[in-house]
Amino acid sequence: MKAPVPFGQFYPGDSPVHRLEPRAKMGLVAAFMAMLFTVDGFAGLAAATAVAAVAVAVSSVPPRLVLRGIRAVSIILVFTLLAHGLRWNPATVTLLRVGPVALDAQGVVTGLFFVVRIVLLVVGTSLLTLTTSPVRLADGLERLMRPLEVLRFPAGEVAMMLTVALRFIPTTAEEAEKIVVAQVARGARFDTGGLLKRARAYVPVLVPLFVSLFRRADELATAMEARCYRGGAGRTRFTESRMTRADRAALLVGAAVMILVGVVL
Amino acid sequence: MNRRRTRLLLEIALTIALAAVLGMITLWRMPQGGSISLGMLPLFVLAFRRGLGPGLVAGGLYGLVDLLVDPYPPVHWIQPVLDYPVAYLLVGLSGVVAAALTPALQARMSRRVALLLAAGITLGASGRYLAHFISGMVFFGEFAPAGQPVWLYSALYNLYVPISAAACFAVAIVVVPAIAGVLPVSGEESS
């Protein structure tokens, strides 16, 4: 067992897509999804494919990485196509027939429409996570949540928890790996037996991890208190993400065009 | 902002980090995403120590972090919401047993502890299962032709949740009393 230290799907780069403010990017992806769910035919999907292709080309993320997500949904794609395309003992003429099972042309076309839509959804959302680091995404979310502070929603505290959580994932993974290696050196086995036996094998790893977690929370609270942390109100950021004029223009024009195309096609 | 609250927020944050790490250690992976892992365990442990409120917050935020870090590609707009923040938020329901669990742990009533852990984990896992089940119905409803038993596909597909919960219970029954022995359940020990 090896706990993976690099996490997430982020592909570092300096393309215009990478530089786009996270909120603008989230808005554009939302508009792209809205377009996919409003188009009625293949013309609309072709337009969406063109949008996705341009975005991927501009992002300079290798298309191989963008398409990796499709492998994860491959079974869903096959299921969708078969569920629409296959007919059991139909009365009408069909594309192909083997015994009672028949392949229906109209069904295959409908199935293909859904398959292309899923593939484009995967490409659109993958591009967001590939070109935006989790920390910047969390920053973007915090900015989006800020108006909720009027309703006494603790946006600042939520943002602090998200940032600390993301910051400590690699540290915790490293710690887990060290403990696993130490236990393996003492003869522990993590890859044998049934599910429950495997799960129980992790007990000697989990107890120190939990104890360390609660101790670290205590130490961090002391450290933050010593640096005058007073909660979310009035807290400033070391790097503040700002929407530039270009970000706003990209968001407004991009979203308007995509939604319009979705409604028309 | 008092120190207790800061510490609680940090416990929630670090619990999310540990849940993310344990979620990456897959005991078994399902072909359509979703995997058997101990990812829910830290959420259960926090809910047992700190109660319902912090349990729900930790769950909801973990869902958000999981969505940011390693999203399964969405196939419907409602799906990421149901499958991430809502599903994990409901894991926090296990915190309802916290008030009864703390004295049982202190009194070392192992039978009662086991029962309460089982009840809490069942409740939290059922909540998560329900969220994934509804999301599955939405998905299969969207992409499968009418007349197919969408509820059945979804019910079967999401069985990995109760299996993961069973793995979590097998571990929690040892880990929760062990942690309570080292760090008091009130979580206010000074190290």
Side-chain angles (χ1 to χ4, degrees), chain A residues 1 3-4 7-9 33 37 69-70 72-73 75-76 79-80 83-84 107 114 118 121-122 125-126 129 134 137-138 141 157-158 160-162 164-166 168-169 171-173 176 195-196 198-200 202-203 206-207 209-211 213-221 224-225 229-231, chain B residues 1 3 5-18 20-22 24-25 27-28 31-33 36 38 41-42 45 49 57 61-62 64-65 68-77 80 139 142-145 148 163 166-168 170-171 174-175 178-179 182-183 187 189-191:
Chain A
M1 195 293 300
F7 68 98
Q9 304 176 336
M33 288 174 82
F37 280 101
I70 293 171
V73 292
I75 291 186
I76 287 183
F79 170 83
T80 305
H84 284 276
F114 285 122
I118 298 173
L121 273 172
V122 172
T125 47
S126 298
T129 44
L137 279 174
L141 275 181
E157 291 181 0
V158 167
M160 186 274 276
M161 286 189 278
L162 284 177
V164 170
L166 290 167
F168 275 93
I169 290 174
T171 313
T172 311
L195 179 66
L196 292 186
R198 281 184 194 203
R200 289 294 273 266
Y202 277 98
V203 168
L206 292 167
V207 173
L209 275 177
F210 275 109
V211 171
L213 181 163
F214 292 114
R215 293 231 160 107
R216 179 172 284 146
D218 199 45
E219 287 164 13
L220 272 178
M224 283 170 68
E225 204 182 33
Y229 176 75
R230 291 172 290 110
Chain B
M1 181 70 157
R3 185 187 147 74
R5 188 171 164 84
T6 307
R7 185 180 155 156
L8 175 62
L9 299 183
L10 289 166
E11 271 188 23
I12 293 174
L14 295 177
T15 295
I16 296 167
L18 182 58
V21 171
L22 294 184
M24 288 183 229
I25 303 173
L27 300 178
W28 189 60
Q32 292 189 22
I36 309 285
L38 295 172
L41 184 71
V45 171
R49 285 173 66 87
V57 172
L61 289 181
Y62 171 70
L64 213 54
V65 166
L68 296 180
V69 169
D70 192 17
Y72 181 72
V75 286
H76 189 277
W77 67 270
F139 158 70
E142 176 81 15
F143 293 104
Q148 302 229 4
I163 300 172
C168 284
V171 176
V174 185
V175 168
I179 302 168
V182 183
L183 305 169
E189 118 286 2
S190 54
S191 53

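Lettering follows sequence order; numbering is per chain, from 1. All heavy atoms count here, side chains included; hydrogens, waters and symmetry mates do not.
- Taking chain B as the reference chain and counting heavy-atom pairs below 4.5 Å, the highest number among Thr172(A), Thr171(A), Val158(A) is found for Thr172(A).
- Note that Arg49(B) lies outside the cation-pi zone of Phe210(A), set by a 6.0 Å cut-off to the ring centre and a 45° limit from the axis.
- Of the atoms belonging to Val45(B), it is side-chain heavy atoms, and not backbone ones, that fall under 4.5 Å from chain A.
- Considering all non-hydrogen atoms of both residues, Ala173(A) and Val21(B) come closest at N-CG2, 3.6 Å.
- We find that Glu11(B) and Arg7(B) are joined by a salt bridge, their nearest charged nitrogen and carboxylate oxygen being less than 4.0 Å apart.
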For Arg3(B) and Asp218(A): C-alpha separation, side-chain torsions, deciding distance, then whether side chain to side chain contact (heavy atoms under 4.5 Å, CB included) applies. CA-CA 9 Å; Arg3(B) 185 187 147 74; Asp218(A) 199 45; 2.7 Å; yes

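- With a threshold of 4.5 angstrom between heavy atoms, Ile163(B) approaches chain A through its backbone and through its side chain.
- For Ala167(B), the parts sitting under 4.5 Å from any heavy atom of chain A are the backbone and the side chain alike.
- Between chain A and the residues Val57(B), Val174(B), Leu8(B), Ile16(B), the largest count of heavy-atom pairs under 4.5 Å involves Val174(B).
- For the options Leu61(B), Leu41(B), Leu18(B), heavy-atom pairs under 4.5 Å to chain A are most numerous at Leu18(B).
- Looking at heavy atoms from C-beta onward, Ile25(B) lies in side-chain contact with Tyr202(A) at the 4.5 angstrom threshold.
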